[in-house]
Amino acid sequence: MKKTSILALVLALVMALSCTAYAESVGELPLTTEEGASVSMLAMNSWYSTVDLSDATLLNELQTRANVKIDWNLIDPTIYADTVSPMLASGQDLPDIIQLPDTDNNMTYLSTGMFVKLDEYMDIMPNYKKFLDENPIIKASLTAVDGHIYYVPQTVVTSTYQPVMMYNMPWIEKLGIEAPTTLDAFVEMLRMFRDQDMNGNGDASDEIPMSIQASFLPYMFGPAFGLDLVSGFYADEAGVVHYAAYESENYKKYLTFLNGLYNEGLLEVEFTSLNRDQITERFANDLTGVTYDFSWQMSTLYSAQYPEYDGTKGIIVGAAPLSGEYPGAYIGRTPVSGVFGVNSKSGNIELAVKMLDYIMSEEAQDLYVWGMEGLTYEVVNGEREYLPRCTEDTIWYQGLGINAPNMPSQQSAEATAVLLADWHVQAIADMEAPYAREPFPNIYSTEDEVSIISMYLTDLTTYVDERAVAFICGYASIEDEFDSYIATLQGMQVEELIKVKQAQYDRYAAAMN
Amino acid sequence: MTGKKKTLGQLIARDKYLLLMFLPVFVYYIVFCYLPMAGLTMAFQNFRMGSGFAGVFTGEWVGLRWFTQFFSSVFAKRLIRNTFLLNFYSLIFGFPIPILFAICITQMRQKGVAKVAQVTTYLPYFISTVVVVGMMTNFLSPSSGIINQIIKACGGKPINFMGNPKWFRRLYVISGSWQSFGFNSIIFVAAIMGIDPSLYESMKVDGATRWQQIIHLILPMISNTIILLLIMTLGNLLNVGFEKVYLMYSPAVYETGDVIATYVYRQGIESKNFSYASAVGLFYSAVGFVFVVASNALSRRMTGSSLW
């Protein structure tokens, strides 16, 4: 008995002391005066396979300013989800701060109490509180069904720097045509690319009209058929939710169109396995006329393959989306691309929360975008300009921790634009921004909804994906088998899923108004 | 030899070094094969993230819900069929080749050529699966692969081998037997070498041709080895090489390529439906268990030798 009461007393004392300590230091640096304070953090490593962010200059600078060391456990982003979900399933030996493998819309993780309710710590998270007040849409999408906020987001730009049409401009000029804006004109152009010696090497048969990764086909052609195949589920203007691959009339037209391209040799035989490296190589040899990719790539990757590219005029240039029966559009993405949470079993919750707040503060954001004066930028006439090394030595630049994927960074279109050639920035303003369309929002599911989604959705998308390939390649006949495809979707409870998504959309719409 | 029964302690003392050598194997099986079996309870529970091993005791029981879900899924039939057929074809086409090859090798007059043939054919066995699948992807590529270059040169249309469900099983079986026939033939070569040379001589004296030697001497003499190996392969009939299927397949070929093991992987690791994935995995293991027991019984009846 005595022992317990002494323990309680000590605990109370410690708590009182720590409270006063925090009261003094809210929002001030360093976060702690304690020597050797550290938090552990599980996050993604750089997307560049030769870059390791565990000793990145800019991230080290943040740790020095905070006087808190981060013990990194950084994992290759390509295998992040597969590696981290089993770790989270076991729930053992997890670090203080965790970057989740997804945005947890099904509340798989937060419903288990693994993560701290951050809204209860808002008084020691001044930076995050300010951010949420300034971004009500993000706040709405991060508020769980129980009303709590569990995560700090990593956000991305939503309506620009998305996947867009890109044309080989010298080829288009050679044909003396305008970049097509309708499906018919587009197919016409592909046929010319296929049949003529576009690259002027004397061989009219080595041109590949279109090089596109299979995952971009829905972006490229879906809107012209009135479908948002990217989101899968989408709401029409009346707020009614549809499932794109279950729209019997329009989806059938979409498949028939692609099947036609495939049969004519305009969509190549190996489109299912094509990757960005192969496409880049084709541009390097001037072998292909059209691609579809993140608009970022048109100057930095594809145009740069041409020796005659000097940075003033684009060679592989973006253009407006294709229209068919329906007007063309570019489908944007939702702002929250990743989330970070604080482990509720951590022995170090307060410090972890404060560190998480600090590494998402405006000061830290500035560091992710600009780096440090003298290292990455200099001030000329009161304006900041990146030093030449930033564009010349990508590996060094990425290795500093610029736009770190392992931090709750907030991507901004303005900061991206300064790195790009003028023609590129102009192209994005002309042909991408005006056509951007909002995707289906991210909304947390209730427990009942989760059980329906987890039971049916994976099988449904698997089936849709494989049938799409079969119909496009003609392994299955659209005429004979499309009806049984629709019937199978019904058997897979697609109606049930649409009802769930409708309910979620209605909740979202209500929260927005 | 005293003839007296030794006590357990004496036996342990006598064999202590052997037991010591056995210890790592014993620990391995306990830790990696027996302890995880407790996790099978997940198949009857609704596993929650973060509950870890303790979830085995604390999970909410849902009975056969996950099994019902699997068997009512449109994929169940296809997964079982694919898993079975992929192995069945591997067996039908893969099993006789090493035997025929072993006979050819041992019948060659030029022993040097036989040696070279044997070494070159068993080398592929040591190439990692990743590399083999990488080679297939390159050789079979519709635009740049050598096979399609030949088809094009002969005036044919390029075939997307890796993306067409019709080709998946053929490629899997052919590449599998290419990789393993040399290595698998070693045991048959050894069995043929073990035949008493005097038997050949007496056959020759009786005027038997080489063909007759093969039919009436070699095949009967190695039939026990053949049956034993066949039965052991039957026991593994459901044990499909997950890595190879996983490396080779894509949504385009799920129709023939998706097997239970890859489905469990996608459901469990990728979609985080751990309970559902364990239920499917448990079903898979149960069927595999039946195969092992049945083939063992078959072996005991046909050859007199069995694993237990």
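Residue numbers begin at 1 in each chain, while the letters A, B, ... track the order of the sequences.
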Asker: With a 4.5 angstrom heavy-atom cut-off, could you sort out which part of A:M114 is near chain B: side chain, backbone, both or neither?
Answerer: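 The answer is the side chain of A:M114.
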Asker: Can you tell me which of A:L94, A:T83, A:V469 forms the most heavy-atom pairs within a distance under 4.5 Å of chain B?
Answerer: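 Among the listed options, the one with the most contacts to chain B is A:V469.
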Asker: Say you draw a straight line from CZ of B:F75 to OG1 of A:T458; how long is it, rounded to the nearest 0.5 Å?
Answerer: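 The OG1 atom of A:T458 is 10.0 Å from CZ of B:F75, to the nearest 0.5 Å.
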Asker: Drop me the distance from B:F274's CZ to A:S454's OG, to the nearest 0.5 angstrom.
Answerer: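 Between atom CZ of B:F274 and atom OG of A:S454 there are 12.5 Å.
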Asker: First locate atom CD of B:E270, then atom OG of A:S85, and finally report the distance between them rounded to the nearest 0.5 Å.
Answerer: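 B:E270 atom CD to A:S85 atom OG measures 9.0 Å (nearest 0.5 Å).
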Asker: I'd like to know which of B:P142, B:P251, B:S72, B:S271 tops the heavy-atom pair count under 4.5 Å against chain A.
Answerer: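 The option with the most such pairs is B:P142.
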Asker: Under 3.5 Å, is there a donor-acceptor pair between the side chain of A:E270 and the main chain of B:S141?
Answerer: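 No: the side chain of A:E270 does not pair with the backbone of B:S141.
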Asker: Taking side chain as C-beta onward, heavy atoms only, is B:V253 less than 4.5 Å from A:Y475?
Answerer: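 No. Closest side-chain heavy atoms not under 4.5 Å.
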Asker: Answer yes or no: does atom CG of B:L85 have more than 12 heavy-atom neighbours from other residues, nucleotides or ligands under 6.0 Å?
Answerer: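 Yes, enclosed.
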Asker: Using a 6.0 Å cut-off, check whether atom OH of B:Y122 has over 12 heavy atoms from anything other than its own residue.
Answerer: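 Not more than 12 within 6.0 Å, no.
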Asker: Tell me whether B:Q149 at atom CD has more than 12 heavy atoms from other residues, nucleotides or ligands lying less than 6.0 Å away.
Answerer: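 Atom CD in B:Q149 is packed in, count exceeds 12.
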Asker: Tell me, side chain or backbone of A:S111 under 4.5 Å from chain B's heavy atoms, or both, or neither?
Answerer: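 The answer is both parts of A:S111.
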Asker: Please state whether the side chain, the backbone, both or neither of B:D258 comes within less than 4.5 Å of a heavy atom of chain A.
Answerer: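 Interface part for B:D258: neither.
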Asker: Tell me if the CZ atom of B:F71 is crowded by more than 12 foreign heavy atoms within 6.0 Å.
Answerer: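 Enclosed.
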Asker: Looking at B:Q267, B:M162, B:K166, which one has more heavy-atom pairs under 4.5 Å with chain A than the rest?
Answerer: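 Counting heavy-atom pairs under 4.5 Å, the top option is B:Q267.
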Asker: Between A:S273 and chain B, which part of the residue has a heavy atom less than 4.5 Å away: side chain, backbone, both or neither?
Answerer: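 For A:S273, no heavy atom lies under 4.5 Å from chain B.
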Asker: Of all heavy-atom pairs between B:S73 and A:D459, which one has the smallest distance, and what is that distance?
Answerer: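 Looking at all heavy atoms of both residues, the closest pair is OG-OD2, 3.6 Å.
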Asker: With chain B, which of A:A470, A:P101, A:G91 has the greatest number of heavy-atom pairs at distances under 4.5 Å?
Answerer: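 Winner by heavy-atom pair count: A:G91.
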Asker: Can you tell me how far apart OH (A:Y262) and CG (B:N160) are? Round to the nearest 0.5 Å.
Answerer: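 That separation rounds to 5.5 Å.
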Asker: Measure A:N106 against the heavy atoms of chain B and call it side chain, backbone, both or neither at under 4.5 Å.
Answerer: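 For A:N106, no heavy atom lies under 4.5 Å from chain B.
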Asker: Has A:D203 got more than 12 heavy atoms of other residues, nucleotides or ligands less than 6.0 Å from its CG?
Answerer: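 Correct, the count exceeds 12.
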Asker: Is B:E255 in contact with chain A via its backbone, its side chain, both, or neither, using a 4.5 Å heavy-atom distance?
Answerer: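 Both parts, backbone and side chain.
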Asker: Please classify the contact between B:N273 and chain A as side chain, backbone, both or neither, with a heavy-atom cut-off of under 4.5 Å.
Answerer: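 For B:N273, side-chain heavy atoms alone lie under 4.5 Å from chain A.
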Asker: Using a cut-off of 6.0 Å, state whether more than 12 heavy atoms not belonging to B:F126 lie near its atom CZ.
Answerer: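 Count over threshold, so yes.
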Asker: What's the spacing between A:D465 CG and B:S250 OG if we round to 0.5 Å?
Answerer: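 Answer for the CG-OG pair, A:D465 versus B:S250, is 10.5 Å.
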Asker: Contact part of A:F271 toward chain B, heavy-atom cut-off under 4.5 Å: side chain, backbone, both or neither?
Answerer: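 The answer is neither part of A:F271.
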Asker: List the atom of A:A89, the atom of B:F47, and the distance in Å for their closest heavy-atom pair.
Answerer: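 Nearest heavy atoms, A:A89 then B:F47: O-CZ, 3.5 Å.
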Asker: For the NZ atom of B:K272 and the CG atom of A:L88, what is their distance to the nearest 0.5 Å?
Answerer: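 Reported value, rounded in 0.5 Å steps: 8.5 Å.
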